[in-house]
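This report refers to the structure that appears directly beneath it.
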Number of protein chains: 2
Amino acid sequence: MSLRMALLGLLTASGPASGYDLTKRFESSVNHAWHAGHSQIYPELAKMAADGLVTVGEEGPRGRKTYTVTEEGSRRLHDWLVTKEHFRPVRDEGALRAFLLPMLEPEESVPLLRREAGVYAARLAELEALEASKPRERETRFGRYALDLGIRQMRMMRDWAEETADRIEHAARG
Amino acid sequence: MSLRMALLGLLTASGPASGYDLTKRFESSVNHAWHAGHSQIYPELAKMAADGLVTVGEEGPRGRKTYTVTEEGSRRLHDWLVTKEHFRPVRDEGALRAFLLPMLEPEESVPLLRREAGVYAARLAELEALEASKPRERETRFGRYALDLGIRQMRMMRDWAEETADRIEHAARG
DNA sequence: GATTGACATGTAAGAACTGACATATAAATA
DNA sequence: TATTTATATGTCAGTTCTTACATGTCAATC
């Protein structure tokens, strides 16, 4: 369902597109919120067309197919967005590793956390650059709040990793 | 792999247990980091036994089976924890909804965000209560950093939802 | 003695996802 | 002209996850 909604959202935000386009749009936008590759996107678009959520245009060069959202598709996306009861259970590998972290010795966990803090910091810098560069056009309005959320997320993870490393170091010495 | 590691972690942290126990431990601890139900846990334990990561004790009352981590299991968990290259692609439904949020009218999105901020605030209160109540025993050391992470996560989500609602309201009026 | 609830284990169909394989065309570069 | 790169679409086997079904025991309450 989530993949469907992400695709309907992208089609609504930036207009009709091919599976190939959508795969790239995924990479450059929703990817921080939801990941999907082309091998998932192509079959899903076919199912969505069968279910009347999108229509397929005539084949263009290189067999290109262009998908457009239908009224039904719009309605379904709207309904999904407004309905609150369907949160997926959490499955966050970073958090799982955090959970298991106390199993390691400080000599192992501290450098690990510092390294991870670095990864989060780099990701944060990327997102901040993206935010600064992006003009406030119609299409770019979509995902604006998500970008802000992504930035907050990275900042939080970086701080958590750094401060947890400090705590462990302090406990090991004290 | 993640499920395996979560199970090995729980078995290491709180000692030998049955699938039933592990299902409940999952609910009360790792659940904020990784979710799994009994229908996933039972078959996984069987496979882990076949792979030599755990051993199965004799059947107790009501067909109860007790699993214990082997040396091999310990080693594998340790290796997994120390290795950094295997982050799962993000799939966060909350973030996806955040991405699609600008598609709604302020009259719809603002109350939605306020309601969600309430949910996050409630969850935050729960986790803070848990942190305050938990004695610092051997078993409870596991998951301590994850609990802190969970608290930070909830706080961040609550703030994001609240502040985004403010921004949208302000933009709609201004 | 009967019923209820917590304990305890499983299966199985279907959806969602991963990673690799497979194919072909148009445009740009060497 | 030949080669490479980007465009464009697909399939498929295997894994993971979801939801529902299915079964039986032990302890406590009624």
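Below, chains carry the letters A, B, ... as their sequence lines are ordered, and counting in each starts from 1.
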Practice problem: Nearest whole angstrom, please: distance from the P of C:dC7 to the CG of B:Leu22. | Solution: 14 Å
Exercise. Would you mind building the protein contact string for nucleotides 15-21 of chain D? One character per nucleotide, 5' to 3', B for base within reach (heavy atoms under 4.0 Å), S for sugar-phosphate only, - for untouched.
Key: -SSBBB-
Self-check item: For A:Arg115, all residues meeting side-chain hydrogen bond (donor to acceptor under 3.5 Å, both in side chains), sequence neighbours excluded
Solution: none
Self-check item: Residues that, via side-chain heavy atoms closer than 4.5 angstrom, fall in one hydrophobic cluster with B:Tyr42
Solution: B:Tyr20
Exercise. Quick one, give me the B/S/- string for nucleotides 2-7 of chain D, reading 5' to 3', where B means a protein heavy atom under 4.0 Å from the base and S means that only happens at the primed atoms, P, OP1 or OP2.
Key: -----B
Quiz item: Within the distance-only criterion (no hydrogens, no angle test), does the side chain of B:Thr70 pair as donor or acceptor with the backbone N or O of B:Gly52 below 3.5 angstrom?
Solution: yes
Practice problem: Could you tell me the separation between the CZ atom of A:Phe26 and the P atom of C:dT18, rounded to a whole number of Å? | Solution: 11 Å
Self-check item: Whichever hydrophobic residues join B:Val90 through chains of side-chain contacts under 4.5 Å
Solution: none
Practice problem: Rounded to the nearest angstrom, tell me the gap between atom OH in A:Tyr67 and atom C1' in D:dA8. | Solution: 11 Å
Quiz item: With A:Arg91, which residues qualify under salt bridge (Lys or Arg N to Asp or Glu O under 4.0 Å), at least two apart?
Solution: none
Practice problem: Using whole Å, report how far CG of A:Leu7 lies from P of C:dC17. | Solution: 11 Å
Exercise. Name all pairs fulfilling the salt bridge (charged side-chain N to carboxylate O under 4.0 Å, His left out) condition that reach into residues 50-61 of chain B, sequence neighbours left out, sorted by first residue then second.
Key: B:Arg4-B:Asp51
Quiz item: Taking only N and O in the side chain of A:Tyr42, is any of them less than 4.0 Å away from OP1 or OP2 of D:dG10?
Solution: no
Quiz item: Is there any salt bridge (charged side-chain N to carboxylate O under 4.0 Å, His left out) pair reaching into residues 153-163 of chain B, and which pairs are they, with sequence neighbours excluded?
Solution: A:Arg152-B:Glu163, B:Arg114-B:Glu162, B:Glu128-B:Arg155
Exercise. Take the protein atom CD of A:Glu93 and the nucleotide atom P of C:dC17, then report the distance between them rounded to whole Å.
Key: 16 Å
Self-check item: A:Leu45 CG - C:dA16 C1' separation (whole Å)
Solution: 15 Å
Exercise. Among residues two or more places apart or on two chains, list those pairs meeting salt bridge (charged side-chain N to carboxylate O under 4.0 Å, His left out) that have a residue in residues 16-37 of chain B.
Key: B:Asp21-B:Arg64
